[in-house]
Amino acid sequence: MLFGRTQKNPIKITDKKVVDWQYATCGYCSTGCSIEVGLNADGKAVSSRGAAGADVNRGKLCLKGIMEHELFDSVGRGDTPLIRQHWHQDFAPTSWDEALDTTAENIKAIQKKYGRDAFAIISTGQMFTEEFYTLGKLTRGLIGTNNYDGNTTLCMASAVSGYKRSFGSDGPPGCYEDFEHTDCLIAWGSNLPEQHPIIYWRMKEAQEKRKFPLIVIDPRVTMLAQNADIHLPITPGTDIVLMNAMMYVIFSENLHDIDYIAANTNDFDKLKAETDKYDPTTASKICGIDEDTIRVVARLFAKAGAAMQIWTMGINQSTHGSDGVVGINNLALITGNIGKKGGTSLSITGQCNAMGTREWSSCSGLPNHRLLENESDREEMAKFWNIEVDFLPKKRGMFQTDIYRAIETGEIKGIWLIATNPLSSLPNTARIRKAMEKLEFCAVQDCYLDSESNQYANVFLPAGTWAEKSGVMTNTERRVNLIKPIMQPPGESKADFWIFNEMAKRFNPQNKVHFPQTTEETFEEMKVLSVDRLCDISGMSYAKIEKNCGIQWPYTQTQVENNEAPPAGGKRIYTKTAEFRYPDGKAKLIPLPYIENNEIPDEKFPIWLNTGRLIEHWHGRSKTGKVANNNKFSPIPFIEINPDLALDLNIENGNYVRLISRRSDAIVMAKFTQRVSKNMVFLPFHFHDCANRLTLGLLDPHSRQPAYKQQAIRIEKIDDQAAAAKLSMEMRKF
């Protein structure tokens with residue numbers, strides 16, 4: 001018998017002496033959790049908790065959200081505008097007027113000398129929607145460069161491209177509530193427990209009630225795969241082959257929904273002709289999945305009353321990520337699993353407001369999914385903004401990933417980076433560094449001064465973060481939620497919205513283009529532009545959004561006039577026959593031939609390198625790396641390595657090793673696990689000067705999104721472990 005076995009120690013919870021709880025929305029991933037920040041009697045943020053009445057998270061938060069209030073006091077914040085002539089020099093403090101004037105003057109000088117598109121602007125998925133809209137108006141309507149994009153190209157561009165190709169417009173058709181109605185769930189390259197923990201909780205709770213099968217398709221035995229009914233450890237980069245083989249089975253066994261296909265889609269014959277080439281026997285040799293397993297999964301999916309598919313970066317971050325999204329949509333369309341309860345293809349978005357930038361930033365077009373290529377859209381926006389229609393380009397410019405190549409060639413001479421850090425986030429770091437050294441002018445707008453890309457800034461514009469500002473964000477399921485300023489930005493730092501409005505004055509001296517002075521006024525302007533669009537928010541207001549802990553679009557003024565409350569649970573789009581956004585209302589079934597264009601292991605580089613996210617970290621750790629309870633679990637870079645591979649290489653658990661790709665190398669710690677196969681390692685991407693020293697710059701032809709998930713490396717043992725540990729520590733300095 002164990003002494004004290006029947007005794008339990010009382011749970012002790014520290015009394016933070018909270019006197020007031022302030023409402024906000026979490027600023028990390030795209031789940032969109034409603035959050036409340038606790039303030040003590042001194043007005044200091046001391047606690048975070050989930051909002052119990054919110055449909056999304058129902059009072060729950062993940063590890064990052066629970067500690068989010070600590071961001072207000074995190075180190076490394078920039079609180080003063082800074083300026084210098086050259087990046088070799090030291091920064092000097094300056095006034096906001098001088099910083100903004102200098103930036104505007106350099107933009108104008110570069111455009112006058114080299115052309116309007118010689119200056120590029122890159123934003124983020126972290127700002128609020130009103131800020132995106134304001135920056136889009138400034139960029140498209142006043143500055144006039146067509147080389148304007150967001151860092152969401154690195155995570156969501158393939159989802160956007162795939163939705164547009166299949167359905168005629170962007171916008172996830174489903175919602176979280178679909179977990180509660182589905183009869184089968186396939187997760188393609190998505191690891192919910194670590195990437196989106198609260199969505200995982202929603203899924204798991206629904207699965208316990210309905211007992212639907214969970215099928216996970218991922219090269220690695222992720223946390224989600226460990227809980228799956230069926231795990232398909234696919235060969236990296238071969239998702240298209242598996243999708244086509246599943247459709248082969250569905251068609252050959254007459255499991256497709258003929259009536260739905262006829263009423264809602266085009267090009268069925270073309271799709272079938274392509275999938276006829278991918279019988280399971282042939283496909284299994286390419287994708288590495290047993291042919292009988294392919295048949296079992298295809299039948300489970302097609303025979304389900306309602307079948308749901310989700311995906312994240314495992315699909316998007318590929319040389320054919322856009323095709324992967326189209327393939328998921330094809331599977332949903334041929335089985336009638338779009339627009340109904342439990343039946344959807346749901347992209348699990350990356351950043352907290354990646355949906356907001358897709359809807360309103362004008363990066364890829366004009367506000368609310370309007371197209372630069374559409375003459376009537378250009379005319380409408382030119383009239384609304386009071387600019388000349390010919391000032392707007394007739395097609396979108398470069399994606400972020402192409403902008404840096406244009407810097408290399410001298411086509412782009414200046415750049416304005418806003419809440420993004422390409423020196424950490426873009427593949428092939430050495431190439432990006434060389435490109436930034438060639439810039440004639442660089443402005444960095446960020447809440448953190450220690451952003452690596454700030455090394456090359458001529459002007460630093462200190463911005464507020466998260467709940468130091470006001471605005472809305474849109475989550476994965478199209479739910480618009482509100483953030484209010486709980487704290488003031490430190491020092492002289494300002495909200496991004498203020499910075500954009502002040503910059504607009506430098507390009508709008510006669511006030512020809514109207515810029516509202518508050519985010520709420522801007523939201524009202526956006527509502528006007530949304531009427532009768534797919535993303536109709538005309539029935540929303542700040543007060544109504546907060547009262548409902550978020551509202552999904554579309555929610556229209558007509559619904560308000562008819563006394564229709566925002567729907568509880570979930571709202572879907574494409575629910576009616578021929579409701580897609582192509583002129584005839586029908587979606588496209590698109591044939592997807594498999595083209596092998598990945599970097600694959602060979603004799604010199606024999607090991608697959610896979611990258612991904614950890615639950616405790618967020619992107620480049622500029623936030624979570626400074627929060628002790630987020631950073632302590634994984635403070636240094638490491639790889640998951642199969643013990644059999646480690647044995648062959650004479651590597652012990654906990655050794656530092658050197659990873660070498662065709663681009664560069666990185667020092668990491670080896671941690672043994674059976675979660676990866678013998679020919680593969682997994683490396684978290686969050687650490688600066690690590691994963692992206694190794695990754696390659698191959699891009700998807702449609703979305704221009706990088707292939708972070710498939711590259712080849714070799715591993716070398718390091719004899720001097722003390723020196724390796726020191727080098728690893730030095731590379732992690734903020």
Side-chain angles (χ1 to χ4, degrees), residues 20 22 24 27-28 37-46 48 67-85 87 89-104 123-124 126-128 130-131 134-135 352 416-421 442-471 483-506 517-519 618-628 630-631 733-734:
D20 186 29
Q22 294 288 319
Y28 283 114
V37 177
L39 307 180
N40 65 16
D42 297 326
K44 179 178 174 63
V46 293
S48 301
M67 308 307 301
E68 195 160 11
H69 61 280
E70 295 193 9
L71 288 179
F72 296 124
D73 293 326
S74 58
V75 299
R77 292 292 302 272
D79 60 4
T80 304
L82 302 173
I83 196 168
R84 60 186 172 190
Q85 286 293 317
W87 57 268
Q89 301 171 345
D90 292 332
F91 272 124
T94 189
S95 66
W96 268 108
D97 278 339
E98 184 177 1
L100 292 167
D101 286 344
T102 300
T103 302
S123 71
T124 177
Q126 297 284 296
M127 294 190 302
F128 300 155
E130 297 87 342
E131 294 171 333
T134 302
L135 176 61
C352 56
W416 181 8
L417 300 175
I418 302 161
T420 189
N421 185 14
C442 174
V444 171
Q445 180 173 320
D446 206 300
C447 54
Y448 289 102
L449 180 59
D450 53 20
S451 162
E452 287 81 12
S453 298
N454 205 32
Q455 297 171 51
Y456 296 100
N458 301 98
V459 173
F460 173 71
L461 306 173
T465 187
W466 185 47
E468 295 168 352
K469 311 182 295 179
S470 66
I483 304 90
K484 298 190 297 185
I486 294 170
M487 306 295 288
Q488 291 297 314
E492 296 180 50
S493 54
K494 300 288 187 181
D496 296 282
F497 180 79
W498 181 90
I499 297 172
F500 299 146
N501 268 4
E502 289 298 307
M503 186 65 77
K505 294 176 182 178
R506 275 75 181 169
Q517 293 305 298
T518 68
T519 59
W618 177 248
H619 288 190
R621 294 168 57 249
S622 57
K623 293 180 178 180
T624 54
K626 297 160 185 174
V627 175
N630 291 155
N631 193 51
K733 285 183 178 179
F734 279 99

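Computation of the quantities below employed the complete heavy-atom set of this structure, encompassing side-chain atoms and omitting hydrogens, waters and symmetry-equivalent molecules.
- No side-chain heavy atom of Val627 sits less than 4.5 Å from a side-chain heavy atom of Trp618.
- Listed for the Asp20 side chain is no donor-acceptor partner under 3.5 Å among the backbone atoms of Leu39.
- Closest approach of Phe497 and Thr134 over heavy atoms only: CE1-OG1, 3.4 Å.
- Relative orientation of the Trp96 and Trp498 rings is perpendicular, given thresholds of 30° and 60° on the angle between their planes.
- Distance check: Leu417 CG to Ser451 OG gives 8.0 Å after rounding to the nearest 0.5 Å.
- The backbone N or O of Thr124 lies less than 3.5 Å from no partner atom in the side chain of Thr420, so there is not a single donor-acceptor pair.
- Proximity of Tyr28 to Leu71: side-chain heavy atoms (C-beta onward) are separated by under 4.5 Å at one or more points.
- Atom CZ of residue Arg77 and atom SG of residue Cys447 lie 5.0 Å apart, to the nearest 0.5 angstrom.
- Crowding of Gln89 atom CD: a count of heavy atoms from other residues, nucleotides or ligands under 6.0 Å exceeding 12.
- One finds the CG atom of Asp446 at 6.5 Å from the OG atom of Ser622 (value rounded to the nearest 0.5 Å).
- Checking side-chain atoms of Asn40 against main-chain N and O of Asp42 turns up a donor-acceptor pair under 3.5 Å.
- The minimum heavy-atom distance between Ala24 and Ala467, with the atom names listed, is CB-CB, 4.5 Å.
- The backbone N or O of Glu98 sits less than 3.5 Å from a side-chain atom of Ser95, completing a donor-acceptor pair.
- Scanning all heavy atoms of the two residues, the minimum distance from Val459 to Leu461 falls at CG1-CD2, 3.6 Å.
- Residues Glu468 and Pro490 form a side-chain contact, since some pair of their non-hydrogen atoms from C-beta on lies under 4.5 Å apart.
- Using a 4.0 Å cut-off between charged side-chain N and carboxylate O, Arg506 and Asp97 make a salt bridge.
- Atom CG of Asp101 is separated from atom NZ of Lys505 by 11.5 Å, given to the nearest 0.5 angstrom.
- Closest heavy-atom contact between Arg84 and Asp90: CB-O, 3.7 Å.
- Rounded to the nearest 0.5 angstrom, Lys623 NZ and Arg621 CZ are separated by 14.5 Å.
- Put simply, the side chain of Ser48 does not reach to within 4.5 Å of the side chain of Met67, judged on heavy atoms.
- Put simply, the side chain of Phe128 reaches to within 4.5 Å of the side chain of Ile483, judged on heavy atoms.
- A donor and an acceptor atom, one from each side chain of Tyr448 and Thr465, are nowhere located under 3.5 Å apart.
- For the atom pair NE2 (His69) and OG (Ser74), the distance works out to 11.5 Å, reported to the nearest 0.5 Å.
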Inset, instruction - Give the C-alpha distance, both sets of side-chain angles, the deciding distance and a yes or no for side-chain contact (heavy atoms from CB on, under 4.5 Å) between Asn421 and His619. - result: CA-CA 10 Å; Asn421 185 14; His619 288 190; over 6 Å; no
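- For the 3.5 Å distance criterion, the side chains of Gln455 and Trp87 fail to qualify, holding no donor opposite an acceptor.
- The shortest heavy-atom contact between Leu82 and Pro93 is CD2-CA, 3.8 Å.
- By the 4.5 Å heavy-atom criterion applied to side chains, Asn630 and Glu70 are not counted as neighbours.
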Inset, instruction - Given side-chain contact (heavy atoms from CB on, under 4.5 Å), test Glu68 with Val37 step by step and report yes or no. - result: CA-CA 8 Å; Glu68 195 160 11; Val37 177; over 6 Å; no
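- Within the 4.5 Å cutoff, no side-chain heavy atoms of Met503 are placed close to those of Gln445.
- In this structure, the side chain of Asp79 does not engage the main chain of Ser493 through any donor-acceptor pair within 3.5 Å.
- Judged as a salt bridge (charged side-chain N to carboxylate O under 4.0 Å, His left out), the pairs with a partner in residues 492-501 (not counting sequence neighbours) are, in order, Lys469-Asp496.
- Looking at Asp73, Asp450, Asn631 one by one, the single match for side-chain hydrogen bond (donor to acceptor under 3.5 Å, both in side chains) with Lys626 turns out to be Asp450.
- A pairwise comparison of heavy atoms in Ile499 and Pro462 identifies CD1-O, 4.0 Å as the closest pair.
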